[in-house]
2 protein chains.
Amino acid sequence: MLSLTEENYLKAIYHLSDGGSKAVLTNELAEAMSTKAASVTDMIKKLSAKEVITYEKYYGVNITAQGKSEALMVIRKHRLWETFLVDKLGFAWDEVHEVAEQLEHINSPRLIEKLDEFLGYPKVDPHGDPIPDHKGKIKIIPQVPVDQLAIGYQGKIAAVKDSDSNLLKYLDKIGARPGVKIKVLGKEEYDDSMEILIDDHRVFISKAVSQNILVVG
Amino acid sequence: MLSLTEENYLKAIYHLSDGGSKAVLTNELAEAMSTKAASVTDMIKKLSAKEVITYEKYYGVNITAQGKSEALMVIRKHRLWETFLVDKLGFAWDEVHEVAEQLEHINSPRLIEKLDEFLGYPKVDPHGDPIPDHKGKIKIIPQVPVDQLAIGYQGKIAAVKDSDSNLLKYLDKIGARPGVKIKVLGKEEYDDSMEILIDDHRVFISKAVSQNILVVG
DNA sequence: GTATATTTTTAGATTAGTCTAAAAAATAAT
DNA sequence: ATTATTTTTTAGACTAATCTAAAAATATAC
């Protein structure tokens, strides 16, 4: 049984390790959790005792199979709740992250199964991110941020990073939503800004923005 | 801003004081919160400092107007979530209390307003209890437990106490749900059991049960 | 109306999560 | 390869919520 705080740490470790494929350093985690390295070291010991991560002093943490499964359940809950808020309650996609951060900690397996059913077993959340199924299986879609694309690329927006509400508001304004057509027209060397076509509308975006729009790789 | 624990204490105080109409003693509260009197004294000091209750040493606590309003908001959330679980997700009424105990602490005024709208502004929850509106206004229906009724009484079940899941399962089995017709046929002096008619079906119920079925007074 | 019993409060500890400041280990620099 | 820098860990302290044991206040008994 993990506490709310432990769940949040584990989720951050899952994301920072790219789903368990690399080790996470203390300072990285401190940054992600908006806390101090000393606090992270303490928490790492607890999570390690609960066997959801392995930990070697000074070398960072790795998530275990059990930890991965627990992290995926939290992510499943988060993304199902976001879908509920947008599809059923009429929230805008830029308003749901904070609330879902709370709802993801509600502990009731039955509730989540019922919610999943009620939503019609959605495969992705409103930001385009895949929703793990009830067994914790997640379909990882290799995603590339737009700032790494070459001129001439054509495709569809797969997802957008969902952390910042102001960014999402802006993306919504320029029409950058999952599923929408996108084409790279040009790149500006000196500031890494880009000229792109979103659903046939020409827009100029800064690097801060292009990094947060993801296409299928 | 109240913590989760503080909200739970305040809710218990609201209920034990019958909506603020009488003082609540330390031991009563300790019993209700399944904790020790010493812990209650500590918490009382905190709630008192936050001005949601007033407190005189050795004489118990009274809820303030502000405290009442905050308690009613928690109750509103609890009852809206219960309604959601039953009406939308298909939970049975005896399964929702525990989950609603968690959901009632989600902090997002917008979420609650949207949920209320989604549910069609329900007036009562699945157990027949009134749902406070967005201003915290609650329509108090004077409710009398069946064990206090005289032989011959006829009326409708207004609500059932929703704390114990086993009791609710039993009530469901004998058809004792809010809105159902009820008539008192007889009372047994030595064990306070009763013979009643529920929707025209004759049943014998113990005092433990009759105390938990409420009719309009 | 003093003694006894009950209720409530205080005192001192404990656990989870956090912090600052200092020590220890690892990495980088010359 | 020794010094300097960065990263990480330890040590000690703080807050919220809890506990046990003991003291204080109130209520009850005869």
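Every value quoted in this text rests on a predicted model; they were computed, and no experiment measured them. Order of the sequence lines sets the chain letters (A, B, ...), proteins ahead of strands, with each chain counted from 1.
- In this structure, A:L4 places its CG atom 21 Å from P of C:dT15, rounding to the nearest Å.
- For the OP1/OP2 pair of D:dT8 and a distance below 4.0 Å, the side-chain nitrogens and oxygens of A:Y55 include no atom meeting the criterion.
- Protein atom NZ of A:K45 is 8 Å distant from nucleotide atom P of D:dT9, rounded to whole Å.
- As a whole-Å value, the separation of B:K36 NZ from D:dA21 P is 10 Å.
- The distance between atom CE of B:M43 and atom C1' of C:dT10, rounded to the nearest whole Å, is 17 Å.
- Checked against a 6.0 Å centroid threshold, the rings of B:F84 and A:F84 count as neighbours.
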Distance-only donor-acceptor pairs under 3.5 Å for side chains of residues 210-217 of chain B, two or more places apart:
{"residue": "B:S210", "atom": "OG", "partner": "B:K207", "partner atom": "O", "Å": "3.1"}
{"residue": "B:N212", "atom": "ND2", "partner": "B:A208", "partner atom": "O", "Å": "2.7"}

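- Out of D:dC19, C:dT8, C:dT18, the shortest distance to the side chain of B:Y58 is found at C:dT8.
- When all heavy atoms of B:P130 and B:R79 are compared, the pair lying nearest together is O-NH1, 2.7 Å.
- The CG-C1' distance, from A:N27 to D:dT5, rounds to 13 Å in whole Å.
- Listed nucleotides C:dT9, D:dA17, C:dA16 differ in distance to A:K46; the shortest reach to its side chain belongs to C:dA16.
- Taking for each of A:Y59 and B:S3 the nucleotide of DNA chain D with the nearest heavy atom, the 5'-most of the two is the partner of A:Y59.
- Closest contact between the side chain of A:A37 and the listed nucleotides D:dT9, C:dG17, C:dT8 involves D:dT9.
- Between A:Y9 and the phosphate of C:dA16, there is no side-chain N or O to OP1/OP2 separation shorter than 4.0 Å.
- The distance between atom CE of A:M33 and atom P of C:dT18, rounded to the nearest whole Å, is 7 Å.
- Distances shorter than 4.0 Å separate some side-chain N or O of A:S39 from OP1 or OP2 on C:dC19.
- Between A:H127 and A:H97, the distance from one ring center to the other does not fall under 6.0 angstrom.
- By the 6.0 Å and 45° rule, B:K88 stacks over the aromatic ring of B:F118.
- Taking side-chain N and O atoms only, A:K57 has no distance below 4.0 Å to OP1 or OP2 of C:dA25.
- Checked by atom type, the side-chain pair A:H105/A:E7 shows a donor-acceptor distance below 3.5 Å.
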N/O contacts under 3.5 Å, protein versus nucleotides 11-15 of chain D?
none

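- With B:K11 as reference, B:V74 is the one residue of B:V74, B:L72, B:L16 to meet the side-chain contact (heavy atoms from CB on, under 4.5 Å) rule.
- Remark: A:T26 is in phosphate contact with D:dT9, judged by side-chain N or O atoms under 4.0 Å from OP1 or OP2.
- Distance CD (B:E28) to P (C:dT7): 11 Å, rounded to an integer number of Å.
- One atom, CG of B:L25, and another, P of D:dA27, lie 10 Å apart when rounded to the nearest Å.
- Taking side-chain N and O atoms only, A:T35 has a distance below 4.0 Å to OP1 or OP2 of C:dC19.
- The CD1 atom of A:I138 lies 9.5 Å from the CG atom of A:D133; values are rounded to the nearest 0.5 Å.
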